[in-house]
Amino acid sequence: MAQLGKRLLPLFDRVLIERFVPEVKTKGGIMIPEAAAGKVNSGTVVAVGPGGRTEDGKTLAPAVKEGDKVLLPEYGGHKIEFNSKEYYLFRENEILGKWSE
Amino acid sequence: MAQLGKRLLPLFDRVLIERFVPEVKTKGGIMIPEAAAGKVNSGTVVAVGPGGRTEDGKTLAPAVKEGDKVLLPEYGGHKIEFNSKEYYLFRENEILGKWSE
Amino acid sequence: MAQLGKRLLPLFDRVLIERFVPEVKTKGGIMIPEAAAGKVNSGTVVAVGPGGRTEDGKTLAPAVKEGDKVLLPEYGGHKIEFNSKEYYLFRENEILGKWSE
Amino acid sequence: MAQLGKRLLPLFDRVLIERFVPEVKTKGGIMIPEAAAGKVNSGTVVAVGPGGRTEDGKTLAPAVKEGDKVLLPEYGGHKIEFNSKEYYLFRENEILGKWSE
Amino acid sequence: MAQLGKRLLPLFDRVLIERFVPEVKTKGGIMIPEAAAGKVNSGTVVAVGPGGRTEDGKTLAPAVKEGDKVLLPEYGGHKIEFNSKEYYLFRENEILGKWSE
Amino acid sequence: MAQLGKRLLPLFDRVLIERFVPEVKTKGGIMIPEAAAGKVNSGTVVAVGPGGRTEDGKTLAPAVKEGDKVLLPEYGGHKIEFNSKEYYLFRENEILGKWSE
Amino acid sequence: MAQLGKRLLPLFDRVLIERFVPEVKTKGGIMIPEAAAGKVNSGTVVAVGPGGRTEDGKTLAPAVKEGDKVLLPEYGGHKIEFNSKEYYLFRENEILGKWSE
């Protein structure tokens with residue numbers, strides 16, 4: 001996939017998310033990304049679209065913002081790779097919840 | 001699954017529920033969680049989203065609140081594990097009813 | 001199924017119904033619940049939710065009330081057991097009609 | 001099916017219909033219900049619900065009334081038996097038309 | 001099908017149509033209904049319902065009237081026989097167009 | 001199919017289109033309709049219905065007019081033959097675009 | 001496909017897009033279109049329709065404009081060839097996002 005080194009502005013109610021990398025502690029306590037950990041269903045919001053549009057054309061303020069830690073559904077979303085990274089695009093309404101401290 | 005030790009704020013009309021653990025009385029009356037009891041379709045509301053959004057963008061007050069004992073449908077919902085516990089996320093409209101004293 | 005000995009308050013437009021027990025008259029006229037009578041599609045309304053909610057959030061008064069004798073469709077509904085009894089939860093719009101004296 | 005000897009009040013936009021019994025003339029002109037005549041797709045309206053409800057909760061006046069002779073679609077409807085008779089429940093919008101003298 | 005010798009008043013936005021009988025000219029120019037001509041997708045409007053009803057209960061004036069020659073889709077419609085004739089009932093929105101002189 | 005030698009007035013938001021005939025240039029430059037050229041997805045608008053009707057009964061002005069050259073989707077549409085010609089009926093919303101000089 | 005040498009004006013909320021050609025750098029750094037690179041899911045907006053129409057007939061301003069670099073979904077869209085080039089038509093709501101410098 002040609003690296004575009006740019007920023008992606010999601011359209012409408014779409015949200016760009018970078019999934020957490022699953023960390024695995026070895027016996028010695030060293031944290032190493034566990035390739036076999038399988039998919040982690042949480043991630044950080046990287047970019048948010050302007051918001052969904054009502055049938056009448058009004059734009060609704062998004063319910064998440066950049067930096068939010070969010071919980072994703074098991075399935076769905078578009079997988080995208082650019083800037084040598086892997087991202088996911090979900091519709092706002094597909095996001096299950098936000099993690100708070 | 002990395003334990004996040006945080007709180008999950010459901011989005012929109014989603015509701016976070018912890019299912020009751022099925023209790024089994026042995027002959028001696030001792031209550032032990034019955035692994036084989038199968039799924040219990042009731043649980044306690046742990047967190048509630050802000051509420052569903054109408055087509056026009058208005059947010060509707062949720063019909064359940066934290067602490068409510070609710071009856072869940074046999075199927076559906078997202079199963080989530082964090083803080084070493086198992087939770088379920090349902091849409092408000094999927095919840096069948098509330099148990100009252 | 002753990003007996004909760006409580007009351008179930010259906011949510012939104014859901015209605016809790018206890019089906020009639022099919023009666024069978026033997027030659028001597030004795031009425032005994034006929035296990036083989038198959039499902040009876042009528043029952044008594046035990047509890048009614050607050051009513052369905054319009055797209056705009058308005059709650060619509062339910063069309064049935066506690067004590068009504070109602071006719072149910074052949075299929076559909078959620079089967080629930082509590083207080084050692086069997087109940088069914090239907091959406092108001094699934095109920096076919098009301099029996100009147 | 002236990003005979004309830006009562007009246008059924010259809011809910012919302014449902015209509016209770018008793019199908020015509022297909023008549024068959026033998027050579028001698030005698031009219032006998034033809035068991036093999038197959039289903040007749042016409043019948044008489046026996047009871048009408050209050051009417052369908054709009055999304056906003058308004059009830060719409062029904063388009064048929066008791067005694068109307070109506071044409072039914074080949075399929076669909078709920079078949080019900082009570083008072084030793086067979087009836088059909090259709091949604092108003094499923095009824096094809098009214099027969100007029 | 002018992003001949004009712006009556007008129008059918010379609011309900012709502014339904015339209016009663018009698019299909020043209022396909023004519024076949026033999027070499028001698030004689031026009032004979034061609035049984036094998038297959039279905040003709042045009043016909044004459046015999047009766048029109050009051051019109052479709054909006055979600056809000058308003059009735060919309062029909063777009064066709066008795067006597068119109070109309071073009072029908074290949075499939076769909078209810079086939080009905082009465083008064084020893086064959087008719088078709090279509091929803092107004094299924095009719096493709098009107099033939100004009 | 002009986003030739004009706006008439007004009008077809010599409011109903012509602014339907015549009016009558018005559019596809020371009022695919023032209024094939026032989027080496028000598030002669031243009032001959034290429035029977036094997038396969039379907040051409042462009043054509044000329046021959047007739048336009050009054051326009052689609054909103055849920056509330058308002059008619060919306062059509063977005064194409066007679067004589068427009070339009071691009072059609074690969075599939076869909078009703079194929080019709082009359083006046084010894086082949087036409088296609090599409091809903092306005094199915095038409096992909098208009099060719100401009 | 002006959003070359004029409006014209007411009008295509010998409011209808012309603014459709015957007016005409018020319019996909020980027022995937023570039024492949026050989027060891028010597030020469031950029032050659034990589035036939036085997038497979039589909040690139042990004043492209044440039046070539047033409048935009050007037051905008052989608054609400055149920056009530058209002059036209060909504062498009063969210064993309066000519067020259068925008070956009071990210072496309074893996075599937076969907078109509079593939080079109082004219083002026084010896086390959087284009088894709090997507091509905092505005094199918095476009096995932098815009099690339100910004």
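Protein chains get the first letters and strands the later ones, always in sequence-line order, with residue 1 at the start of each. Bear in mind that the values here come from a model prediction, so they are computed numbers and not experimental data.
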Begin from the C-alpha positions of Ile80(F) and Leu16(F) and carry the test side-chain contact (heavy atoms from CB on, under 4.5 Å) through to its verdict.
CA-CA 9 Å; Ile80(F) 310 151; Leu16(F) 187 67; 4.2 Å; yes

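- Leu72(F) contributes atom CG, which lies 9.5 Å from atom OH of Tyr88(F) (distance to the nearest 0.5 angstrom).
- Residues of residues 43-56 of chain G lying within less than 4.5 angstrom of chain F, judged on heavy atoms, are Arg53(G), Glu55(G), Asp56(G) in numerical order.
- Residues His78(G) and Glu74(F) have side chains not in contact (no heavy-atom distance under 4.5 Å, counting atoms from C-beta outward).
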Is there a side-chain contact (heavy atoms from CB on, under 4.5 Å) between Lys69(G) and Lys98(G)? Walk through the geometry before answering.
CA-CA 6 Å; Lys69(G) 310 293 182 213; Lys98(G) 291 193 271 195; over 6 Å; no

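- Using a 4.5 Å cut-off on side-chain heavy atoms (C-beta onward), Asp68(G) and Ile95(G) make no contact.
- Contact annotation for Leu89(G): only side-chain heavy atoms (C-beta onward) come within less than 4.5 Å of a heavy atom of chain F.
- Between the CD atom of Glu92(G) and the CZ atom of Arg14(G) there is a distance of 12.5 Å, given to the nearest 0.5 Å.
- Of all heavy-atom pairs spanning Phe90(F) and Tyr75(F), the tightest one is CE2-O, 3.9 Å.
- Put simply, CG on Asn93(F) and CZ on Arg91(G) are 4.5 Å apart, with the number rounded to the nearest 0.5 Å.
- Near-neighbour residues of residues 57-67 of chain F relative to chain G, defined by a heavy atom under 4.5 Å from a heavy atom of that chain, comprise Lys58(F), Leu60(F), Ala61(F), Ala63(F), Val64(F).
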The test is side-chain contact (heavy atoms from CB on, under 4.5 Å); show your working for Leu96(F) and Asn41(F) and say whether it passes.
CA-CA 10 Å; Leu96(F) 301 180; Asn41(F) 291 337; over 6 Å; no

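- Considering CD of Glu94(F) and CZ of Phe12(G), their distance stands at 11.5 Å, rounded to 0.5 Å.
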